[in-house]
Amino acid sequence: MHLPNPAPIDAAAVLAWYDTHARDLPWRVSPADRARGMAPDPYRIWLSEVMLQQTTVAAVKAYFLRFTSLWPTVFDLAAAPLDAVLKEWAGLGYYARARNLHACAQAVVNQHGGKFPTTSTSLQTLPGIGAYTSAAIAAICFDEPVAVLDGNLDRVLARYYALPVPVRDAKEELRAALQASVPGRAGDFAQAMMDLGATICAPRTAICMLCPIQPGCVGTKAADPALYPLKAAKAERPVRKGHAFVMTDPAGDVYLQTRPDKGLLAKMTEVPTSDWAVDLPAVAYPVQGDWHHRGQVIHIFTHFRLELEIWSAAVAPTGLDKGWWAEPKALKGEALPTLFRKVLAAAGLE
DNA sequence: AAAGCGGGGGT
DNA sequence: ACCCCAGCTTT
């Protein structure tokens, strides 16, 4: 074991800090309102938590406000077409989240009468809700005394315990240590610890002087807390290359199509491309036309770097049947991931 | 247990 | 250039 006898976090100190330093977030019930008995809306907490998976608060805010404006309740979201949800999600990334979000809304409506389950165990059976999100919803909405452990908390706890191994190799120990620290105000505690990780114990800077749990922090005693968490070996990012084809018809409309149901950017909108390969494939234009090279687009995915050669041409609107022709001014409303917005921009559209 | 899956902002 | 973020699902 790496933590033979981990001291619990001083939850009272964390909560006292939170009472005066809680961030003001669109989906949050403030600690003062919570103390008055105001309870968070599980729909809004769920929506925010799904959006926040691997995504920063700053990026989420506008999407959250847009979604709750369009679909104020889980019934509204469940009744929306998946296409509309994907369009609104475009640009936020990890598009499986949007498909699971829609499926989850429908499950809540059709199988739970429109009410979210109230325990972490039952929440975890829903699409797109895993260990973290189920715990977060149960704690924040229903004060279930459960450990809410995310990447943010991994870092805080690795520092607090001066964890001598990468977090990956001690995940359950950290969870047990956090679980042993959860107080009655479980929801506020969960949110407080995340605020602590975001504002005090941040990835590169730890403002230990302001930290409510600095007295018990082994990382500050033993060494520089910023040394933690220890990093596992890094994997190199491979490169893939391909061609992208932007076609306009005599009316100036752009040819778009829908990506396959599974895999990368599933069901999102794209322009035709070649395969993406280690060696740049030979150019094979989709149809005849006066093709021009419009430069290169580089896009970084988590697991590879993509380099696309951009080609554009004015073509006759025949011989293409999979997709549709879209007016350039309507591109903003399409379910285009950032990659293909870059492609269209390189071709002089958008 | 490992791999696949986006995008953006901070440093 | 690199890091990392309120992770989940599939294999």
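Proteins get letters first, then strands, A, B, ... in listed order; numbering begins at 1 in each.
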Please give, in whole Å, the distance from C:dC2 P to A:F304 CZ? 18 Å
Tell me, please, whether A:F304 has A:R237 positioned over its six-membered ring: NZ or CZ under 6.0 Å from the ring centre and within 45 degrees of its axis? no
If you assign each of A:R204 and A:L336 to its closest nucleotide in DNA chain B, which residue comes earlier from the 5' end? A:L336
Should the pair A:Y285 and A:W291 be assigned to parallel (<30°), tilted (30 to 60°) or perpendicular (>60°) ring geometry? parallel
Within the 4.5 Å heavy-atom criterion, are A:L149 and A:Y132 side-chain neighbours or not? no
Residue whose nearest DNA chain C nucleotide is more 5′ - A:R237 or A:K262: A:R237
A:E88/A:R66 ion pair, N-O < 4.0 Å: yes
What distance, rounded to whole Å, do you find between the two C1' atoms, one in B:dG9 and one in C:dC8? 23 Å
Would you call the rings of A:W71 and A:F67 parallel, tilted or perpendicular if under 30° counts as parallel and over 60° as perpendicular? perpendicular
Got A:R28 and A:I140 here, is their nearest side-chain heavy-atom distance under 4.5 Å? no
Enumerate, in order of first residue number, the stems that involve DNA chain B, defined as 3 or more consecutive Watson-Crick or G-U wobble pairs with both distances under 3.5 Å. B:1-5 with C:7-11, B:7-11 with C:1-5
Can you tell me how far P in C:dA6 sits from the matching atom in B:dG4, rounded to whole Å? 25 Å
What does A:L92 touch in the nucleic acid at a heavy-atom separation under 4.0 angstrom: a base, only the sugar-phosphate, or nothing? base
How far, in whole Å, is B:dC5 from C:dC4 if one measures between their C1' atoms? 16 Å
Under the ring pair (Phe, Tyr, Trp, His ring centres under 6.0 Å) test, which residues partner A:W325, sequence neighbours left out? A:Y255
Output yes when A:D188 and A:R185 qualify as a salt bridge under the 4.0 Å nitrogen-oxygen rule, no when they do not. yes
Taking atom C1' in both B:dG6 and C:dC3, compute the distance separating them and give it to the nearest angstrom. 15 Å
Scan residues 107-122 of chain A for pairs that pass salt bridge (charged side-chain N to carboxylate O under 4.0 Å, His left out), counting only residues two or more places apart or in two chains. none
Write down the protein N/O and nucleotide N/O pairs, taken from nucleotides 5-7 of chain C, whose separation is under 3.5 Å; answer none if there are no such pairs.
{"residue": "C:dC5", "atom": "OP1", "partner": "A:R155", "partner atom": "NH1", "Å": "2.8"}
{"residue": "C:dA6", "atom": "OP2", "partner": "A:N152", "partner atom": "OD1", "Å": "3.2"}
{"residue": "C:dA6", "atom": "OP2", "partner": "A:N152", "partner atom": "ND2", "Å": "3.1"}
{"residue": "C:dA6", "atom": "O4'", "partner": "A:D150", "partner atom": "OD2", "Å": "2.5"}
{"residue": "C:dA6", "atom": "N9", "partner": "A:Y132", "partner atom": "OH", "Å": "3.1"}
{"residue": "C:dA6", "atom": "N7", "partner": "A:E49", "partner atom": "OE1", "Å": "3.3"}
{"residue": "C:dA6", "atom": "N7", "partner": "A:E49", "partner atom": "OE2", "Å": "2.8"}
{"residue": "C:dA6", "atom": "N6", "partner": "A:W27", "partner atom": "NE1", "Å": "3.4"}
{"residue": "C:dA6", "atom": "N6", "partner": "A:R28", "partner atom": "NH2", "Å": "3.4"}
{"residue": "C:dA6", "atom": "N1", "partner": "A:R23", "partner atom": "NH2", "Å": "2.9"}
{"residue": "C:dG7", "atom": "OP1", "partner": "A:G151", "partner atom": "N", "Å": "3.0"}
{"residue": "C:dG7", "atom": "OP2", "partner": "A:Q54", "partner atom": "N", "Å": "2.9"}
{"residue": "C:dG7", "atom": "OP2", "partner": "A:Q54", "partner atom": "OE1", "Å": "3.3"}
{"residue": "C:dG7", "atom": "O5'", "partner": "A:Q54", "partner atom": "N", "Å": "3.4"}

Check: A:Y63 ring centroid to A:W89 ring centroid under 6.0 Å: no
Footprint ends on DNA chain B, 5' to 3', for atoms under 4.0 angstrom from a heavy atom of chain A, come out as B:dG4 to B:dT11
Which pairs, with at least one residue in residues 267-279 of chain A and sequence neighbours excluded, count as a salt bridge (charged side-chain N to carboxylate O under 4.0 Å, His left out)? A:R259-A:E270
DNA chain B nearest-nucleotide lookup for A:P337 and A:T205: closer to the 5′ end is A:P337
